[in-house]
Structures are given as C-alpha cells and as structure tokens.
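For reference, the structure is listed below as structure tokens.
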Amino acid sequence: MEKILILLLVALSVAYAAPGPRGIIINLENGELCLNSAQCKSQCCQHEGALDLARCIPLASENSECSVKTLYGIYYKCPCERGLTCDGDKTIVGAITNTNFGVCHDVGRSKQ
C-alpha cells in the first residue's frame, strides 16, 4: 500500500511540475499522440487504421470528410468545426462499423 501511495504522489508531483498550460495527459496540441478525443484541445483524436497510433487532429473544415460520432473516443475522420454539420450516417450501426462518414456543410449557407 505504501508503494502505491508513493507512486501516486510521484506521478502527481510530475504532472503538477509540468511547465505552462500544456498538459501531459490532457490539453494536447495537434500532432501529439492521444488515447481519447477528450485529451485533445481540438476534441478530435484520429487514427487512419485500427492498428495505427492516434493523434490529435484539427476538426474537419467545410467540404471535408467527417464522422458524426464515435463510440470509442477515437475517430477515423474528425467531426466538423463549430457551425458546420456532418451529413453522415447517424445510426448506431454506422458508429459501430465506422461507416458513418459524411461531408461537412454550413447549414445556414445551404438554406439560402
């Protein structure tokens, strides 16, 4: 029990001593390795294939490929930037099978 407590204190002191607002586990910049989208400043952790390393990537811009949602916290295609919507498959089957890709569109512009 003492060893676990000491290890926990060392880990917390290392995390607290990190310089600047950039974190070790959260608040990651684009291009850094991630395990979940919640770790990234952009809120998108993406990998190309199931065996590839995932990295923080910027959100999809207008007319770019996108994913509507993910169940696992890691995307094959990032969701759209704020103000844009992804016209991909919104069913749970699409999220499970990673076939929920679409294209980002500006809904306000397309209605005019």
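The backbone N or O of K69 lies less than 3.5 Å from a partner atom in the side chain of N100, making a donor-acceptor pair. Side-chain N or O atoms of S37 include none that pairs as donor or acceptor with a backbone N or O of I74 at under 3.5 Å.
For the pair N63 and H105, the minimum side-chain heavy-atom distance is below 4.5 Å. S67 places none of its side-chain heavy atoms less than 4.5 Å from the side chain of P79.
Of the two cysteines examined, C86 and C104, the SG atoms fail the criterion of being under 2.5 Å apart. SG atoms of C66 and C78 are separated by 2.5 angstrom or more, inconsistent with a disulfide link.
Closest heavy-atom contact between V103 and D87: N-OD1, 2.8 Å.
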N/O donor to acceptor pairs below 3.5 angstrom from side-chain atoms of residues 51-61, sequence neighbours left out:
| unit_1 | atom_1 | unit_2 | atom_2 | d |
| --- | --- | --- | --- | --- |
| D52 | OD2 | G49 | N | 3.0 |
| R55 | NH1 | G31 | O | 2.7 |
| S61 | OG | S64 | OG | 3.0 |

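For the atom pair NZ (K77) and SG (C44), the distance works out to 11.0 Å, reported to the nearest 0.5 Å. Going from atom CD of Q39 over to atom CG of L33 covers 10.0 Å, rounded to the nearest 0.5 Å.
For the ring pair (Phe, Tyr, Trp, His ring centres under 6.0 Å) condition, the pairs that include at least one residue of residues 43-76, sequence neighbours left out, are H47-Y76.
Following chains of ILVMFWY side-chain contacts shorter than 4.5 Å, one cannot reach L35 starting from I25, and the two form parts of different hydrophobic clusters.
For T85, the side chain to side chain contact (heavy atoms under 4.5 Å, CB included) test picks out V107, with sequence neighbours left out.
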